[in-house]
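What follows is a single structure, written as structure tokens, with notes after it.
Heads up: numbering here begins at 1 and tracks the sequence.
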Amino acid sequence: MSDPKFIPFHVPSIGEEEIQEVVDTLRSGWLTTGERTARFERDFKAYTGAQHALAVNSCTAALHLALAALDIGPGDEVITTPITFCATVNTILHVGATPVLADILPDGNIDPASIAARITPRTRAIIPVHLAGLPCDMEAIWRLARQHGLRVIEDAAHAAGTRYRGASLGCERGGFRSDAVAWSFYATKNITTGEGGMVTTDDAALAARMKVLCLHGISKDAWNRYAENGSWFYQVLEEGFKYNLSDVQSAIGIHQLKKIDRFAEARRAIAERYTRRFRDLEEVETPPAGEPGEHSWHLYILRLRLDRLGIDRNRFIEELKRRRIGASVHFIPIPLHPYFAPWADLPHNQCPRALAFYERIVSLPLFPDMTMEQADTVAAAVEEIVAANRTRPVADVVGAR
Ligand SMILES: *Cc1c(COP(=O)(O)O)cnc(C)c1O
């Protein structure tokens, strides 16, 4: 970084263990999917408590594989949130199904009541997104799914390290479970392999089907013979994709996974520091912390109170940048992307709460190696910008600190 004082939005935490394991992999002669990927899958299964884990080259691939393996396709509707990365919606389109948008709750996650209102005879699945690492109301979603015979695929791109009702996502709770959970190891996510992902499931048949689809539809047994014994014979059983994760990437993932709880702790400490600094500021709202120990704090999404500020969100981010602080927005709602607008603007996809949410959100820097001093610098900048732009006198503020 040319500017040493700049506080970036995100910095990955890569240690010597990751570097050494990558070097060892490069020297081993085996670069593609092999022993290290098998180990990463075993470790991830153990961490999440899921029955099956398949390493893939992105969370996008994980979502696509789950939808395809569940035979969701043309004529089917899949309900998701407008406050997500475009990948969630693109994968629904990849299988030829129709995305349907449900509005959000004040916490930013999908609203089960809005999902219920948008279920039709064509609805086949729900894809909730655990925004920022805060778990969705899965019990309400699972109940709806059971009542209407729907599949549930969790987009857990932000949620490696998130816990729900006392365990990792991906586990059964009180007789309920999702069909599949899709995880991301993209460079900015809670743990990373540079690019990468995982799909977990407790359904053995679904796991087997995803494994075949993950590698061109080549039968698993034939592939194992090909890879392990140097046998040249394999057969394509159906039209599949090229979604496997390489051992070079898994080498990073194995060591990132060992640090996942430490990373979550570090993120939580920064988030708590921010919230302590901001909770008495009338011009902003702090993000909900959820149940103790559940939130993995992938993002700290500050909400501006635009009725009390003389500047908008874009200007707020400009002001942060002027003070050499990186910030971002999660997310530009799906209907605001030109390609999605034609269907996302339809009456049954209207999400006014999501559009209003978008106007006031700013994601502040948050990463495990961030120092408290850096967090305080960011907090001071936010306080300064607020002080310079408040539209009501500070006397309104309850209790001076
Ligand atoms: C990052 C992200 C994805 C996509 O993850 P990739 O691993 O980059 O494919 C999907 N959904 C959400 C909510 C994300 O933030």
Lys/Arg-Asp/Glu bridge criterion (N-O < 4.0 Å) met for [X], [Y]:
X: Asp76; Y: Arg122; answer: no
X: Arg305; Y: Asp307; answer: yes
X: Glu282; Y: Arg390; answer: no
X: Glu384; Y: Arg323; answer: yes
X: Arg268; Y: Glu265; answer: yes
X: Arg177; Y: Asp203; answer: no
X: Arg392; Y: Glu283; answer: no
X: Asp376; Y: Arg277; answer: yes
X: Glu17; Y: Lys259; answer: yes
X: Arg315; Y: Glu318; answer: no

Once you measure the plane-to-plane angle for [X] and [Y], does it fall in the parallel (<30°), tilted (30-60°) or perpendicular (>60°) bin?
X: Phe40; Y: Phe185; result: tilted
X: His64; Y: Phe241; result: tilted
X: Trp297; Y: Tyr300; result: parallel
X: Phe278; Y: Tyr274; result: parallel

Can you find a heavy atom in the side chain of [X] that is under 4.5 Å from one in the side chain of [Y]?
X: Val382; Y: Phe316; value: yes
X: Thr91; Y: His94; value: yes
X: Thr88; Y: Val129; value: yes
X: Leu54; Y: Cys214; value: yes
X: Glu319; Y: Arg322; value: yes
X: Leu26; Y: Val248; value: yes
X: His330; Y: Ser328; value: yes
X: Cys171; Y: Thr48; value: no

Mind checking what makes salt bridge (Lys or Arg N to Asp or Glu O under 4.0 Å) contact with Glu77, not counting sequence neighbours?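 Glu77 satisfies salt bridge (Lys or Arg N to Asp or Glu O under 4.0 Å) with no residue once adjacent residues are dropped.
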
If I compare all heavy atoms of [X] with all of [Y], which pair ends up nearest, and what's the gap?
X: Ile252; Y: Thr193; result: CD1-O, 3.9 Å
X: Val78; Y: Ile72; result: CG2-CG2, 3.8 Å
X: Arg36; Y: Ala251; result: CD-CB, 4.0 Å
X: Phe331; Y: Leu131; result: CE1-CD1, 3.8 Å
X: Glu359; Y: Leu306; result: O-CD1, 3.7 Å
X: Val95; Y: Ala68; result: CG1-N, 3.9 Å

Rounded to the nearest 0.5 Å, what separates atom [atom1] in [X] from atom [atom2] in [Y]?
X: Ser184; Y: His298; atom1: OG; atom2: NE2; answer: 8.0 Å
X: Asn190; Y: Phe367; atom1: CG; atom2: CZ; answer: 14.0 Å
X: Leu299; Y: His295; atom1: CG; atom2: NE2; answer: 8.5 Å
X: Thr60; Y: Asn90; atom1: OG1; atom2: CG; answer: 8.0 Å
X: Asp247; Y: Arg39; atom1: CG; atom2: CZ; answer: 10.5 Å

Those residues that, when tested against Ser168, pass side chain to side chain donor-acceptor pair (under 3.5 Å) (two or more places apart):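 Here no residue qualifies.
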
I'd like to check the side chain to side chain donor-acceptor pair (under 3.5 Å) partners of His158; sequence neighbours left out, ordered by chain and number.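 With neighbours one apart ignored, the set is empty.
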
Does a donor on one side chain and an acceptor on the other come within less than 3.5 Å for [X] and [Y]?
X: Gln256; Y: Glu18; answer: yes
X: Asp103; Y: Ser114; answer: no
X: Thr25; Y: Trp30; answer: no

From CA spacing to verdict: side chain to side chain donor-acceptor pair (under 3.5 Å), Glu154, Ser178: CA-CA 7 Å; Glu154 293 173 51; Ser178 295; 2.5 Å; yes

Verdict with reasoning, Arg209 to Asp71, per salt bridge (charged side-chain N to carboxylate O under 4.0 Å, His left out): CA-CA 10 Å; Arg209 181 101 197 277; Asp71 283 315; 3.5 Å; yes

Does any N or O in the side chain of [X] come within less than 3.5 Å of the main-chain N or O of [Y], such that one atom is a donor and the other an acceptor?
X: Arg353; Y: Ile104; result: yes
X: Arg267; Y: Ser296; result: no
X: Asp202; Y: Ala50; result: no

Applying side chain to side chain donor-acceptor pair (under 3.5 Å), run through Trp343 and Thr98 and close with a yes or a no. CA-CA 9 Å; Trp343 61 263; Thr98 304; over 6 Å; no

